[in-house]
Amino acid sequence: MPFELPKLPYEYSALEPHIDARTMEIHHSKHHQAYVTNLNNALAGTPGEHLSIEEICKNISKYPAPVRNNGGGHFNHSMFWTILGPATGGEPEGDLLAAINSTFTSFSEFKAQFAAAAATRFGSGWAWLLVKDGKLAISSTPNQDNPLMDVAEVKGTPILGIDVWEHAYYLHYQNRRPDYVTAIWNVINWAEVAKRFAAAK
Ligand code: MN
């Protein structure tokens with residue numbers, strides 16, 4: 001099977017109290033595993049099973065819906081685990097902070113715009129910070145779509161993605177998506193986001 005569930009780089013409880021251990025366990029071992037299993041099943045015996053998930057996303061309009069949904073789910077969650085972490089939060093530094101300040105005027109204004117994108121995405125989806133034509137931008141996508149996809153409204157390289165599906169927060173936050181988004185700033189791994197920013201520019 002070409003695609004595999006990546007190991008979570010920290011314990012399920014590592015993001016407590018902001019993201020609870022039970023949510024992390026179900027999210028990683030059940031939801032993400034299901035995207036991987038269903039993606040492998042959907043691609044079995046096709047040329048797609050020899051491609052990277054990034055290549056598949058970039059040409060997603062050529063694939064059937066199960067590849068779009070589960071391939072997006074696999075890419076998005078693989079990134080999501082890495083941009084979170086224990087002993088993180090705070091503010092970005094260096095080039096990334098400078099780019100945030102010049103694009104959004106300040107880090108707090110960036111957070112406000114990002115939170116608005118997350119809050120106004122109706123139903124299930126993701127909020128993104130991405131690099132588009134060398135510049136930072138905020139967007140959101142429905143379902144498991146992402147900015148790499150040729151079908152995305154705003155296309156580019158995602159460097160930070162926040163899952164706003166109810167499965168990402170409902171056990172602890174119930175219907176309070178904005179509270180979840182406020183809390184998640186405490187566990188953002190800005191060093192990883194900065195690494196992705198440098199690679200995307
Ligand atoms: Mn999810």
Side-chain angles (χ1 to χ4, degrees), residues 3-43 53-54 56-57 60 63 65-86 88-89 114-130 138-149 151-154 157-189 192-193 196:
F3 294 104
E4 289 180 1
L5 182 69
K7 199 174 147 29
L8 198 67
Y10 38 79
E11 300 295 315
Y12 289 131
S13 61
L15 308 181
E16 295 260 12
H18 310 292
I19 305 181
D20 63 284
R22 185 81 176 125
T23 294
M24 288 298 293
E25 182 177 2
I26 297 170
H27 202 172
H28 178 261
S29 72
K30 306 292 186 195
H31 289 279
H32 191 171
Q33 179 63 65
Y35 297 127
V36 170
T37 301
N38 293 334
L39 176 63
N40 285 332
N41 289 340
L43 289 175
I53 192 60
E54 289 81 5
I56 291 170
C57 286
I60 205 68
Y63 292 86
V67 174
R68 178 170 171 177
N69 293 334
N70 294 290
H74 178 46
F75 175 86
N76 296 350
H77 289 83
S78 298
M79 175 177 186
F80 187 54
W81 311 131
T82 70
I83 58 93
L84 301 176
T88 54
F114 191 95
T120 56
R121 167 51 56 190
F122 184 78
S124 297
W126 290 73
W128 302 100
L129 176 64
L130 63 137
I138 288 169
S139 77
S140 74
T141 54
N143 304 313
Q144 294 295 353
D145 286 359
N146 63 55
L148 280 183
M149 292 182 173
V151 296
E153 205 175 308
V154 183
T157 305
I159 62 169
L160 168 69
I162 301 300
D163 188 346
V164 296
W165 283 57
E166 284 186 344
H167 69 225
Y169 62 86
Y170 207 84
L171 286 181
H172 187 72
Y173 294 96
Q174 292 83 50
N175 60 318
R176 303 187 307 278
R177 185 192 288 184
D179 291 357
Y180 155 73
V181 174
T182 298
I184 210 166
W185 298 120
N186 294 303
V187 288
I188 297 295
N189 181 352
E192 173 67 21
V193 180
R196 290 173 179 270

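By convention here, the first residue in the shown sequence is residue 1. A quick note: this is a predicted structure, and the numbers were derived from the prediction, not measured. Order of listing sets the numbers, starting from 1, for every ligand and every atom in it.
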Apply side-chain contact (heavy atoms from CB on, under 4.5 Å) to Met79 and Arg196, showing your working.
-> CA-CA 10 Å; Met79 175 177 186; Arg196 290 173 179 270; 3.9 Å; yes

For residues 169-180, the salt bridge (charged side-chain N to carboxylate O under 4.0 Å, His left out) pairs (sequence neighbours left out) are Arg176-Asp179

Under 3.5 Å, is there a donor on one side chain and an acceptor on the other for His32 and Trp81? yes

Partner of Asn76 under side-chain contact (heavy atoms from CB on, under 4.5 Å), picked from Asn143, Asn146, Asp145, is Asn146

Report for the Mn ion (ligand 1), protein N, O or S closer than 2.8 Å, by chain and number, lists His27 NE2, His77 NE2, Asp163 OD2, His167 NE2

Of all heavy-atom pairs linking Thr82 and Asn189, the shortest is O-ND2, 3.5 Å

d(Ile184 CD1, Ile19 CD1) to nearest 0.5 Å is 4.0 Å

